[in-house]
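One structure is given below, encoded as structure tokens.
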Amino acid sequence: MNNPEERLTLGIESSCDETAAAVLRGGRELLSNIISTQIPIHQKFGGVVPEIASRKHIVNVMPVVDEALRTAGVKLSDIDQIAVTYGPGLVGALLVGVSAAKALAFAQDIPLIGVNHLEGHIFANFLSAQELKPPFMALVVSGGHTALVEVKDYNKFRMMGQTRDDAAGEAFDKVARVMGLPYPGGPQIDRLAKEGNPKAIDFPRALVKSGDYEFSFSGLKSAVLNYLNAQKMKNIEVNRADVAASFQDAVIEVLIAKALEAMRETNMDTLVLAGGVAANSMLEDRLRAAAEENGIKFYFPSRILCTDNAAMIACRGYYQALDGGFSDLYLNAVPGLGLNDVG
């Protein structure tokens, strides 16, 4: 196998509705990052249909891998190791990526690395900021998870706290749906909120003063739904921009408060944002402002690396492999895989 700085990692991601493949040289030199999205297919249903997603992954996975290799200017025989998402996610979708990765690893007789999708989101920051190194605090905000993770080293993490129910991204999508906004809801809420008053409606900030790092957004989601129903029953026209802005403000206030408190407790001076909701412009702006105010270095991935992609999986897999974190060919999909303490 090549020395670590020249090692080529093929990453494969298929946890939800993006079929993705990427090639990485060393830990941070991205040679290709191909993403085939299914958003247009699932928009008509208002959300991801797991069975349809799985079938599309089967059709797309090998063409996407081929394109990633071609774009990188390498052959499959040049690849030193394969990293693949094995959880969390939709079980059928995960199985497609895992099966493809195992088949390629077996055919080429090269190492396989099973990667936690959530850890991948954190590692996307290494591809956007070459100077970034642990230790740092990671705020993971995605469709299925919200968590604060102390990253002590590349392969050593401590879970500070996570969501007890709905994740922030899930709340965004559900609120968007009841407001009649198209899927995916997060970007729609973000766009609409720019036209509204974030202080127009006083939605609840759950657990903001709970003294821990747990999150809860199901009550906020219900509060928005109750507000919309109450206004409808009173025949009062709803200002959707104000609703979007006030809802988003409630989510962001809790995220920032918890993140800053975790930074203080651990004496960290660096905060990174990770996950699909990292693409939310208001969250990025408010976190940057809070970081500047508190003397904190702040990093977040480029837009293309915020959403599900294989580059982040390849990056996580690379550092995992340096620590001997390989998988065997019995690797299976784990749809409920959590982000737990590591190392």
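Values in this document were obtained by computation on a predicted structure and should not be read as measured data.
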First locate atom [atom1] of [X], then atom [atom2] of [Y], and finally report the distance between them rounded to the nearest 0.5 Å.
X	Y	atom1	atom2	result
D173	Q188	CG	CD	10.0 Å
L225	K174	CG	NZ	11.0 Å
L30	T9	CG	OG1	11.0 Å
L192	L181	CG	CG	6.0 Å
L271	L287	CG	CG	6.0 Å
L273	N280	CG	CG	9.0 Å

Please, which pairs that meet salt bridge (Lys or Arg N to Asp or Glu O under 4.0 Å) have at least one residue in [range], sequence neighbours excluded?
range	answer
residues 120-131	none
residues 219-229	D166-K221
residues 301-317	E119-R316, E284-R303
residues 243-260	K199-D249, R205-D249, R205-E253, D212-K258, D249-R286

Any side-chain heavy-atom pair of [X] and [Y] under 4.5 Å:
X	Y	result
E265	Y213	yes
V243	M179	yes
Y86	H117	no
V224	F203	yes
P135	M268	yes
V98	I12	no
L31	L8	yes
I252	M282	yes

Report yes or no: do [X] and [Y] form a side-chain donor-acceptor pair below 3.5 Å?
X	Y	value
H57	S14	no
E18	T37	yes
E13	S15	yes
K102	S327	no

Contact summary for [X] and [Y], nearest pair of heavy atoms:
X	Y	result
M263	I296	CE-CG2, 3.5 Å
V151	A138	CG2-CB, 4.2 Å
G92	S54	C-OG, 3.2 Å
A83	G317	CB-CA, 3.9 Å
K152	P134	O-CB, 3.8 Å
N125	A274	ND2-CB, 4.0 Å

Would you say [Y] ends up clustered with [X] if hydrophobic residues are merged whenever their side chains have heavy atoms under 4.5 Å apart, either directly or through other cluster members?
X	Y	answer
L118	M159	yes
V84	L329	yes
Y183	I41	no
V91	V96	no
L207	M137	no

**Asked** Does D190 come within less than 4.0 Å of K194, counting only side-chain N to carboxylate O?
**Response**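 A salt bridge is present here (some side-chain N lies under 4.0 Å from a carboxylate O).
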
**Request:** Could you tell me whether R288 and D285 make a salt bridge, using a distance below 4.0 angstrom between a side-chain N and a carboxylate O?
**Result:**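 Between D285 and R288 there is a salt bridge, with a charged N closer than 4.0 Å to a carboxylate O.
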
Heavy-atom donor-acceptor pair, [X] side chain to [Y] backbone, under 3.5 Å:
X	Y	value
N239	A241	yes
D165	S218	yes
S128	P301	no
N309	M312	yes
R7	Y318	no
S32	V23	yes
D153	K156	no
N33	A22	no
R28	A129	yes
D323	G325	no

**Prompt:** Between D269 and K297, does a side chain to side chain contact (heavy atoms under 4.5 Å, CB included) hold up when you go through it step by step?
**Reply:** CA-CA 6 Å; D269 65 358; K297 288 177 283 187; 3.9 Å; yes

**Counterpart residues, ring-ring contact (aromatic ring centres under 6.0 Å, His included), relative to F126 (two or more places apart)** =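 With sequence neighbours excluded, F126 shows a ring-ring contact (aromatic ring centres under 6.0 Å, His included) to F123, F136, Y154, Y319, given in chain and number order.
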
**Prompt:** Quick one: ring-ring contact (aromatic ring centres under 6.0 Å, His included) partners of F217, sequence neighbours excluded?
**Reply:**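 Testing F217 for ring-ring contact (aromatic ring centres under 6.0 Å, His included), a comparison that skips the adjacent residues, returns none.
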
Please tabulate, for the side chains in residues 59-71, all donor-acceptor contacts under 3.5 angstrom to protein atoms that are two or more places apart in sequence or on a different chain.
{"residue": "N60", "atom": "ND2", "partner": "K56", "partner atom": "O", "Å": "3.2"}
{"residue": "T71", "atom": "OG1", "partner": "E67", "partner atom": "O", "Å": "2.8"}

Ignoring hydrogens and angles, write down the donor-acceptor pairs under 3.5 Å from the side chains of residues 139-149, residues two or more places apart or on other chains.
{"residue": "S142", "atom": "OG", "partner": "H145", "partner atom": "N", "Å": "3.2"}
{"residue": "S142", "atom": "OG", "partner": "H145", "partner atom": "O", "Å": "3.3"}
{"residue": "T146", "atom": "OG1", "partner": "A168", "partner atom": "N", "Å": "2.9"}

**Prompt:** Under the side chain to side chain contact (heavy atoms under 4.5 Å, CB included) criterion, do T163 and S216 qualify, and how do the steps go?
**Reply:** CA-CA 5 Å; T163 183; S216 172; 5.6 Å; no

**Item:** Transitive ILVMFWY cluster of L94, excluding itself - 4.5 Å side-chain cut-off
**Value:**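 Other cluster members: none.
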
**Request:** For S99, check side-chain hydrogen bond (donor to acceptor under 3.5 Å, both in side chains) against everything at least two apart and list the hits.
**Result:**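 Not a single residue meets the side-chain hydrogen bond (donor to acceptor under 3.5 Å, both in side chains) criterion with S99.
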
Under 3.5 Å, which donor-acceptor pairs link side chains of residues 103-115 to any protein atom two or more places apart or in another chain?
none

**Request:** Sort and list the pairs that fulfil ring-ring contact (aromatic ring centres under 6.0 Å, His included) and have at least one residue in residues 285-306, not counting sequence neighbours.
**Result:**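 Those involving residues 285-306 are F298-F300.
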
